[in-house]
Amino acid sequence: MSKPSLPQGTRDFGPEVVRKRQYILNTIRSTFELYGFQPLETPAMENLDTLMGKYGEEGDKLIFKILNNGLSDAKNSEKAKAAFEKVLSGKNDKDLTERALKYDLTIPFARYVAMNHQTLTLPFKRYQIQPVWRADRPQKGRYREFYQCDADVVGSNGLLNEVELSAIYWQVFSKLGVNVEIKINSRKILAALAEACGGSDKMVDITVAIDKLDKIGLEKVKEELQTRGLDEHQIAIIAQYLAIDGTNTEKLNKLKELVGSLPTGAIGIEELEFVISQFAELVQGDQTAPSPLVVDFTLARGLNYYTGIIFEVKALGVQMGSIGGGGRYDDLTGLFGVPNIPGVGISFGVDRIYDVLEELQLFPQEVQTGTQVLFFNLGTAESKAAFSLMQQLRNNGICCELYHEQAKFDKQFKYADKKHIPFAVILGTKELENRTCMVKHLGKGEQQEVSWESLQEAVSGL
RNA sequence: GUAGCCAUAGCUCAGUUGGUUAGAGCGUCUGAUUGUGGUUCAGAAGGUCGCCGGUUCGACCCCGGUUGGUUACCCCA
């Protein structure tokens, strides 16, 4: 028998890890609910048509395809061979595969909206927390199966959505105790920059290059721009753009000089100003407080479907890539034949948030507690009494368990320790006679004898 | 798709310029300890040194291949 193993890039989550992950997910989920978002789940697999061509050429390669069933049937063998030949020459064929694992949550969501837009109440605010799969080469912080955690609003142009989504970011990370900077920019500004360079068609090249600024530095970005076909004059304008710094207001004012005369640029600037001021007024309630929103003109975001304001969240005080991102996309469902439904959304990088909380030791102690009370097993009559006491506690929502067999104290204590159980209840012959039990707080090492009636109280307060 | 690094006990790792019997710490189990744990002490179990082949009198070590893991690039969360 071969050793059991896991497919590359996938993970098991043990009990402690699941509890910690759920702490994060529950925090995010409850915040989404507080802002009126509704849950949505879509299947693990989608039709290949739904996914192909939506993520660019690179993305298509990373889609996990599912082999059709019944290929080994004799009657299908000719068809299957022909289909395989076609795949070898770089085309997909329905006779070989017609389904694939979902690659992200956004496209399935768009598919859902396109299928249901007649019956949905718009604007539709949905959140979705599910695993997605990518046939990528795994490396640090990158897996082939990972969770995405998205919230989107579709069917609304209002910029208050952007303000609200910023507020969700801010609130979630405050609850988790992580100091963050929410970077904000607008695709309209990037479009205006491309226009100012006289190369609107070069917008994608420009955004891809400047997105790498903090990673590779200004000189390399210039090189990249050059290889992407921009001339010296254009690069000079971009360098000027990248050099803008100061406070949010200062940055925006400097930008006005550069692209403010272009209609797209002016609108982009106006929108950023609106979101920032509304956030300060409505969310923080204080126009003068330092804002977690930070204008960053180098922010570009890889995905090309964004058209308006874009976000990215960076944890402060820890070396880690972005832990969240999002933005406005104005015609996502157009891909599925339903035009004119605008949308804006954000996403949380759960795995990275986990790493940040771990590194900064921000997981609360209680997260590790499952069982609240361990009853020691000290014999048949004793455990019978213990069992009925346990049922009472359980009826009142207290998690408890009885040690599975009569054993030495030593073993039973160690079991409680390992499971981070805060209370041990010792009920032996003496206690059985007196209708009492010994309640020991494992952390403090203190114990007290209480009557059966007051056990509930003794283990309720920590 | 490209490239580097790694593979020895359940876990983390040592090791031999190629020589008979491969080690440590942690963990596990037993006992000191028949009703009070996390400490200590004593002991035990646990390895065809990833797999296949080659070189050699002799390979865990050298060489080739292979599989798995990992990291970086492309791309991305």
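Everything numeric here is computed off the predicted structure, so don't read it as measured data. Letters A, B, ... are given to chains in the order of the sequence lines, protein chains preceding strands, and every chain is numbered from 1.
When the P atom is compared between B/rA9 and B/rA14, the two are found 12 Å apart, to the nearest whole Å. Comparing the C1' positions of B/rC57 and B/rC73 gives an interatomic distance of 48 Å, to the nearest angstrom. The same atom, C1', is picked in B/rC63 and in B/rU56; the two are 12 Å apart, to the nearest Å. With both ends at atom C1', the span from B/rG47 to B/rG15 equals 14 Å, rounded to whole Å. Comparing B/rC62 with B/rU21, their C1' atoms are spaced 24 Å from each other, to the whole Å. Straight-line distance between the C1' atoms of B/rC6 and B/rC13: roughly 13 Å, to the nearest whole Å.
Among the atoms of the strands shown, only primed sugar atoms or phosphate atoms (P, OP1, OP2) are found under 4.0 Å from some heavy atom of A/Lys408. Here A/Gly56 lies out of heavy-atom contact (under 4.0 Å) with every strand. Looking at heavy-atom distances under 4.0 Å, A/Leu442 makes contact with a base. Among the heavy atoms of the strands, none lies under 4.0 Å from A/Gly349. Contact annotation for A/Ile426: base contact, defined as any heavy-atom pair under 4.0 Å involving a base atom. Nucleic acid contact for A/Tyr143: base, since at least one base atom lies under 4.0 Å from a heavy atom of the residue. Nucleic acid contact class of A/Thr429 (heavy atoms, under 4.0 Å, all strands): base. In this structure, A/Glu446 reaches neither bases nor backbone, as no heavy-atom distance under 4.0 Å exists between it and the strands shown.
In the interface, the side chain of A/Glu58 is not paired with the base of B/rG1 through any donor and acceptor atom under 3.5 Å apart. A donor N or O paired with an acceptor N or O is not found under 3.5 Å between the base of B/rU71 and the side-chain atoms of A/Lys140. One cannot find a donor-acceptor pair under 3.5 Å joining the base of B/rU36 and the side-chain atoms of A/Gln412. Taking only distance into account, the side chain of A/Arg137 never meets the base of B/rC76 through a donor-acceptor pair shorter than 3.5 Å.
Considering only side-chain atoms of A/Phe409, the nucleotide from B/rC73, B/rG35, B/rA32 that sits closest is B/rG35. Comparing B/rU36, B/rG35, B/rA77 against the side chain of A/Ser322 picks out B/rA77 as the nearest. In the set B/rC75, B/rA77, B/rG37, B/rA77 carries the atom at the smallest distance from any side-chain atom of A/Arg134.
Between A/Gly317 and A/Leu360, the shortest heavy-atom distance links the atoms O-CD2, 4.0 Å. Summarising the geometry of A/Phe311 relative to A/Glu162, their closest heavy-atom pair is CZ-O, 3.7 Å, with the distance given to 0.1 Å. Scanning all heavy atoms of the two residues, the minimum distance from A/Glu271 to A/Ser186 falls at OE1-OG, 4.5 Å.
Between A/Lys419 and B/rG37, a side-chain N or O to OP1/OP2 separation shorter than 4.0 Å is absent. Within the structure, every side-chain polar atom (N or O) of A/Lys414 is placed at least 4.0 Å from both OP1 and OP2 of B/rU28. OP1 or OP2 of B/rA72 has at least one side-chain nitrogen or oxygen of A/Gln139 nearer than 4.0 Å.
Place A/Glu382 and A/Gly59 on RNA chain B by their nearest nucleotides, and A/Glu382 ends up nearer the 5' end. Nearest-nucleotide positions on RNA chain B for A/Glu224 and A/Leu427 put A/Leu427 closer to the 5' end.
Atom CG of A/Asp12 has 12 or fewer neighbouring heavy atoms from other residues, nucleotides or ligands inside a 6.0 Å radius.
Helical stems in RNA chain B, defined as runs of 3 or more consecutive Watson-Crick or G-U wobble pairs with donor-acceptor distances under 3.5 Å: B:1-7 with B:67-73, B:10-13 with B:23-26, B:28-32 with B:40-44, B:50-54 with B:62-66.
With A/Tyr354 as the partner, the ring-ring contact (aromatic ring centres under 6.0 Å, His included) test is satisfied by one option alone out of A/Phe146, A/Phe363, A/Phe13: A/Phe363.
The aromatic rings of A/Phe376 and A/Phe409 sit perpendicular to each other, their planes meeting at more than 60°, with 30° as the lower class boundary. Under the 30°/60° scheme for interplanar angles, the aromatic rings of A/Tyr127 and A/Phe32 are found to be tilted. Classification of the A/Phe348-A/Phe173 ring pair by plane angle, with boundaries at 30° and 60°, yields tilted. Under the 30°/60° scheme for interplanar angles, the aromatic rings of A/Tyr241 and A/Phe297 are found to be tilted. Taking the six-membered ring where tryptophan is involved, the planes of A/Tyr329 and A/Tyr306 are tilted, since the angle between them lies from 30° to 60°.
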Set out, line by line, the N/O atom pairs under 3.5 Å between protein and nucleotides 67-69 of chain B.
none

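Using modelled atom types, one finds no donor on one side chain facing an acceptor on the other under 3.5 Å when comparing A/Ser347 with A/Gln148.
Under the stacking definition used here (centres under 5.5 Å, planes under 30°), the residue A/Phe146 qualifies as stacked on the base of B/rA77.
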